[in-house]
Amino acid sequence: MSGRGEVRVYADAAALGRATAELFAETVRAAVAESGRCGVLLAGGETPRRAYELLAEEPLAGSVPWPRVHFFWGDERCLPAGDPRRNETMARRALLDRVPVMPDQVHAIDCAAAPEQAAADYAERMRRFFGESLPRFDLALLGLGDDGHTASLLPDSTALGERQCWTAVAGRTEEPFVRVTLTAPLLNRARTTVFLVSGQGKAEMLRAALAGERPSLPVHLIRPEGRLLWLVDREAASLSGAVGAAG
C-alpha cells in the first residue's frame, strides 16, 4: 500500500458512509474558507449513496455551506435525464434535491446531444467555471470497478490513452449506451482524491490496485498531484492486509 495514499478501513458499509460524509463536509468547509467556493466531483454507483443521504440530514446538512458548493461528475451514462441508471439521478435523489443548492451550482453532463458533442460541451462547461487553466477540483470522489475501472475509464478504451482532452467517450459492447468520462490528466489534478470501495466482491481488485499489480488496470492511471485517500470497508480490505486500520 505504500505509495498509493492513505488507506482507512471501516467496519462496514454504514461506517464507511458516515466517514465519507464527514470528510466531504470537512473538505468543503476548508475549501470555502480558503477560496470562497468548493468544486466537488461526485462518484456514481451504490457505494457513495449512503454518504450523500447523510449529507442531506442533520447534523451534517447544517454544517455545509451549500450555496458555495459546485457539483460535477466524473462520468455519466448517456441516457435521458431522470433515468435511474444515470449517476446524476442517484445524486439528485440522495442529496442535491434535499439541500439548498441552486440549478447553476449543479454541473451535470448533458447527454441530449451526440456523445462526442456531450463530452466537448462538458469540457467547455468546466472551462467556463475554472477558467482556461486545467481544472482543479477541491474534492474528487471515485469508485473502483471489479474490472479495475474508475469513472468510466474502462479497460481497453481509447479514453485510457487520452493526454490532452479533459473528457472522452467510452463504452462497453454489452451495454446499450455509451458514457462520457473525465480523463486521467484531469482527475489527477484534484486537491483531495478519495476512492470509495465496499464489499467482498471488490477485495481482489482493491488488493491489486493498492499493490500496484497488473499495470494495465485503468485505476493505475490515477496518481493524484494532491492528497490521496482510500476509504474502504472491512470486506473490501480483507485481502489487502489493512483490516481494522481505521476502526
Side-chain angles (χ1 to χ4, degrees), residues 1-27 40-57 59-60 73-75 77 84-87 89-91 93-95 139-155 172 174-175 179 181 184 187 190 192-224 227-247:
M1 296 179 194
S2 61
R4 293 298 294 165
E6 179 185 349
V7 182
R8 300 179 182 178
V9 183
Y10 298 91
D12 51 30
L16 172 60
R18 288 193 299 274
T20 303
E22 290 167 359
L23 177 65
F24 183 108
E26 174 188 335
T27 304
V40 174
L41 196 69
L42 296 177
E46 285 302 308
T47 303
R49 183 191 298 270
R50 183 53 183 156
Y52 297 165
E53 292 172 342
L54 288 171
L55 283 164
E57 302 168 1
L60 287 176
W73 276 262
D75 69 319
R77 297 171 175 87
R85 293 169 291 180
R86 281 178 59 87
N87 294 332
T89 304
M90 185 276 281
R93 291 175 178 174
L95 173 61
L139 174 64
L141 301 180
L142 296 173
L144 177 65
D146 54 15
D147 59 357
H149 82 269
T150 190
S152 280
L153 296 173
L154 305 172
R172 293 190 174 106
E174 67 270 22
E175 291 178 337
R179 302 159 179 248
T181 185
L187 293 173
T192 297
T193 300
V194 181
F195 277 95
L196 306 174
V197 190
S198 177
Q200 185 65 41
K202 299 291 180 67
E204 173 56 31
M205 188 51 61
L206 178 63
R207 187 196 64 77
L210 293 176
E213 296 178 358
R214 298 165 60 184
S216 63
L217 291 175
V219 67
H220 290 318
L221 293 173
I222 307 305
R223 296 187 174 277
R227 181 188 188 197
L228 173 60
L229 296 173
W230 296 79
L231 271 55
V232 307
D233 66 15
R234 190 167 293 164
E235 288 188 348
S238 61
L239 301 179
S240 301
V243 174

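Everything quoted here is computed from the prediction, not taken from an experiment. All residue numbers in this chain count up from 1 along the given sequence.
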request  = Could you check if a side-chain atom of R77 sits within less than 4.5 angstrom of a side-chain atom of N87, using non-hydrogen atoms only?
outcome  = yes

key: Heavy-atom closest pair, residues L60 and A25   = CD2-CB, 4.1 Å

Derivation of the side chain to side chain contact (heavy atoms under 4.5 Å, CB included) call for F195 and L228 = CA-CA 8 Å; F195 277 95; L228 173 60; 3.8 Å; yes

ask   = Looking at L210, T47, L206, which one forms a side-chain contact (heavy atoms from CB on, under 4.5 Å) with V232?
value = L206

ask   = Hey, does L42 have a side-chain heavy atom less than 4.5 Å from the side chain of F24?
value = yes

ask   = Just how far is it from atom CD of E26 to atom CG of L139, taken to the nearest 0.5 Å?
value = 10.5 Å

query = Taking the side chain as C-beta and beyond, is there a heavy-atom pair between R93 and P84 under 4.5 Å?
reply = yes

message = Using the side-chain contact (heavy atoms from CB on, under 4.5 Å) definition, which of the options L153, D147, D146 pairs with H149?
response = D147

task = State, yes or no, whether a side-chain contact exists between L187 and L41 at a heavy-atom distance under 4.5 Å.
result = yes

query = Should V197 and M205 count as side-chain neighbours, where that means a heavy-atom distance under 4.5 Å?
reply = no

ask   = Hey, does the side chain of D233 reach the backbone of G199 with a donor-acceptor pair shorter than 3.5 angstrom?
value = yes

query = Rounded to the nearest 0.5 Å, what separation is found between the CG atom of L23 and the CZ atom of R8?
reply = 6.5 Å

Spacing of R50 atom CZ and E53 atom CD [to the nearest 0.5 Å] = 5.0 Å

task = State, to 0.1 Å, how close L217 and A208 come at their nearest heavy-atom pair, and which atoms those are.
result = CD1-CB, 4.1 Å

key: Contact summary for P155 and P218, nearest pair of heavy atoms   = N-CG, 3.8 Å

ask   = With a 4.0 Å cut-off, would you call E235 and K202 a salt bridge?
value = no

query = For the residue pair A43 and Y52, what are the closest heavy atoms and their distance?
reply = O-OH, 2.7 Å

Nearest heavy-atom neighbours spanning A13 and S198 = CB-OG, 3.8 Å

task = Considering non-hydrogen atoms only, spot the tightest contact between S240 and A203 and give its length.
result = OG-O, 4.4 Å

remark   = So CG of L142 and OG1 of T150: to nearest 0.5 Å the spacing works out to 4.0 Å

Side chain to side chain contact (heavy atoms under 4.5 Å, CB included) assessment of Y10 paired with R18 = CA-CA 10 Å; Y10 298 91; R18 288 193 299 274; over 6 Å; no

request  = Please assess T181 against L154 for the test side chain to side chain contact (heavy atoms under 4.5 Å, CB included), listing each intermediate value before the final yes or no.
outcome  = CA-CA 10 Å; T181 185; L154 305 172; over 6 Å; no

ask   = Just how far is it from atom CG of L95 to atom CE of M90, taken to the nearest 0.5 Å?
value = 9.5 Å

remark   = CZ of R214 to NE2 of H220, rounded to nearest 0.5 Å, is 8.0 Å

